[in-house]
Amino acid sequence: MSTQFTRTLNIINGGDLPDDTTLLLTFQPIEGLYKDTFPVCWRVGTFAANSPGSMVVTYKNQLAFTRPQVLDGNIVTGSTWQDINVGQKTTLNKDSNGVYSFNGVSAGEDGYLIAVNNCGDIEEMSIGFETTPGMPPSQVLYFSNIGQGSSVTTQFTPVLSAYVTSQYQQTQILRGEIQTGEIWKQDLSPLKETTTLIFSRDNATGQYSLTIAGSV
């Protein structure tokens, strides 16, 4: 079983933004990007113009597979979910009443998270993580077109990317590349339990940046 840890990011701005500015945070899959694996907008927050502000987000490495409910391209909730660790597998089932459930976990393949579709139809699943026990996981990756008997076999490293864009909503499934380009990318694993990031804009170039407090 993986050692459990949390990573909290305290993102602050001192009030130097000339316009309301929206920051989007999303995790990136290792493979299959925009084919059958899609990132989900994990957190979206807007900083007001000319006013100090902050945005606090927390990641916990207790991963979970979910049978998501999707509405207008957004994951609205998970109908059922199963905590899972690296090296384990689970199976998604559907009964005669259309109720979904996972069958617990068993030994899988080293280095991978595996979920098998045993529902009899093409299905969708997502993977996320729990920050509050008993509450639905925060969804970060969405998998589509999973055939009966097929499986999601994936690796997950908590590499977080940040973008400045107001074109997306929190929990929206990203079907293509974000055109504005990322301003920050970081594997959360080696960070301290709590890290402060400074969100700022260079007045000369107009470029945005996220930097770890005290690193410059």
Tell me if the centroids of the rings in W42 and F27 come within less than 6.0 Å of each other.
yes
Closest heavy-atom pair, I75 versus S126, reported as atoms and distance to 0.1 Å, is CD1-CB, 4.3 Å
dist I212:CD1 -> I198:CD1 (nearest 0.5 Å) comes out at 10.5 Å
Would you say M135 and W81 make side-chain contact, with heavy atoms under 4.5 Å?
no
Any heavy-atom pair between the side chains of R7 and T195 that's under 4.5 Å?
no
Under a 3.5 Å cutoff, is there a donor and acceptor pairing between the side chains of D36 and N145?
no
Residue pair F65 / L92, side-chain heavy-atom distance below 4.5 Å:
no
Do L23 and V164 have side chains that get closer than 4.5 Å, going by heavy atoms?
yes
N/O donor-acceptor pair under 3.5 Å between N117 side chain and G147 backbone:
yes
Decide yes or no for C41 and Q169: does some side-chain heavy atom of the first lie under 4.5 Å from some side-chain heavy atom of the second?
no
Kindly say whether Q167 contributes a backbone atom to a donor-acceptor pair with the side chain of T165 at under 3.5 angstrom?
yes
Restricting to side chain to side chain donor-acceptor pair (under 3.5 Å), what partner residues turn up for D187, sequence neighbours left out?
S189
Is there a side chain to side chain contact (heavy atoms under 4.5 Å, CB included) between F38 and S144 once you walk through the steps?
CA-CA 8 Å; F38 303 90; S144 64; 3.5 Å; yes
Are more than 12 heavy atoms from other residues, nucleotides or ligands located less than 6.0 Å from atom CD of Q207?
no
Run the side-chain donor-acceptor check on residues 43-59: report pairs under 3.5 Å with partners two or more places apart or on a different chain.
from	atom 1	to	atom 2	distance (Å)
R43	NH2	S138	OG	3.4
T46	OG1	T22	OG1	2.8
T58	OG1	T8	OG1	3.0

Restricting to non-hydrogen atoms, name the atom on G149 and the atom on V116 that form the minimum distance, rounded to 0.1 Å.
O-CG1, 4.3 Å
Do you know which two heavy atoms are closest between G111 and Q155, and how far apart they sit?
O-CG, 3.2 Å
Out of curiosity, T180 OG1 to E182 CD, how far, rounded to the nearest 0.5 Å?
9.5 Å
Determine whether F129 and V140 make a side-chain contact, defined as any pair of heavy atoms from C-beta on separated by less than 4.5 Å.
yes
Would you sort out whether N61 and T6 count as a side chain to side chain contact (heavy atoms under 4.5 Å, CB included), showing the intermediate values?
CA-CA 7 Å; N61 73 331; T6 60; over 6 Å; no
Enter the distance from R201:CZ to I183:CD1 here, rounded to the nearest 0.5 Å.
12.0 Å
Name every donor-acceptor pair, under 3.5 Å, that has one atom in a side chain of residues 100-109 and the other anywhere in the protein, sequence neighbours excluded.
from	atom 1	to	atom 2	distance (Å)
Y100	OH	R67	NH2	3.0
Y100	OH	E123	OE1	3.3
Y100	OH	E123	OE2	2.8
N103	OD1	T90	OG1	3.4
N103	OD1	T91	N	2.9

Any chain of hydrophobic side-chain contacts (each under 4.5 Å) joining V159 to W184?
no
Tell me whether I12 is reachable from L210 by hopping between hydrophobic residues (I, L, V, M, F, W, Y) whose side-chain heavy atoms are closer than 4.5 Å.
no
Going through the checks in order, is the side chain to side chain contact (heavy atoms under 4.5 Å, CB included) test met by Y168 and T26?
CA-CA 11 Å; Y168 304 91; T26 184; over 6 Å; no
Does atom CG (D202) have a neighbourhood of more than 12 heavy atoms from anything else shown, all under 6.0 Å?
yes
If you count heavy atoms of other groups shown closer than 6.0 angstrom to CD of Q69, is the number above 12?
yes
Pairs meeting criterion salt bridge (charged side-chain N to carboxylate O under 4.0 Å, His left out) with involvement of residues 96-107, two or more places apart:
none
Would you kindly confirm whether F5 and I84 end up in one hydrophobic cluster when ILVMFWY residues are joined by side chain heavy atoms under 4.5 Å apart?
yes
Tell me, do F156 and L63 make a side-chain contact under 4.5 Å, heavy atoms counted?
yes
Looking at OG1 of T196 and CZ of F199, how far apart are the two atoms once the value is rounded to the nearest 0.5 Å?
15.5 Å
Are any of the side-chain heavy atoms of Y142 and E124 separated by less than 4.5 Å?
yes
For the student: nearest non-hydrogen atoms of S151 and I114, plus distance:
CB-CG2, 4.1 Å
Donor-acceptor check, side chain of T21 to backbone of D19, threshold 3.5 angstrom: yes or no?
yes
So how far is it from T37 OG1 to M125 CE, rounded to the nearest 0.5 Å?
12.0 Å
Under 4.5 Å side-chain heavy-atom separation, chaining through any Ile, Leu, Val, Met, Phe, Trp or Tyr, what else clusters with L71? Say none if it is isolated.
V76
Per the salt bridge (charged side-chain N to carboxylate O under 4.0 Å, His left out) rule, what does the pair list look like for residues 72-83, sequence neighbours excluded?
none
Check for a donor-acceptor pair, side chain of D95 on one end and backbone N or O of V99 on the other, with a separation under 3.5 Å.
yes
With no hydrogens and no angle check, just 3.5 Å: does a side-chain donor-acceptor pair link T211 and S209?
no
Spacing of I127 atom CD1 and L113 atom CG [to the nearest 0.5 Å]
4.5 Å
Ignoring hydrogens, what is the shortest heavy-atom contact between P136 and T77? Give both atom names and the distance.
CG-OG1, 4.5 Å
Where the side chain of Q139 meets the backbone of P137, is there a donor-acceptor pair that is under 3.5 Å apart?
yes
Nearest heavy-atom pair of N203 and D16: which atoms, and what distance?
OD1-O, 4.4 Å
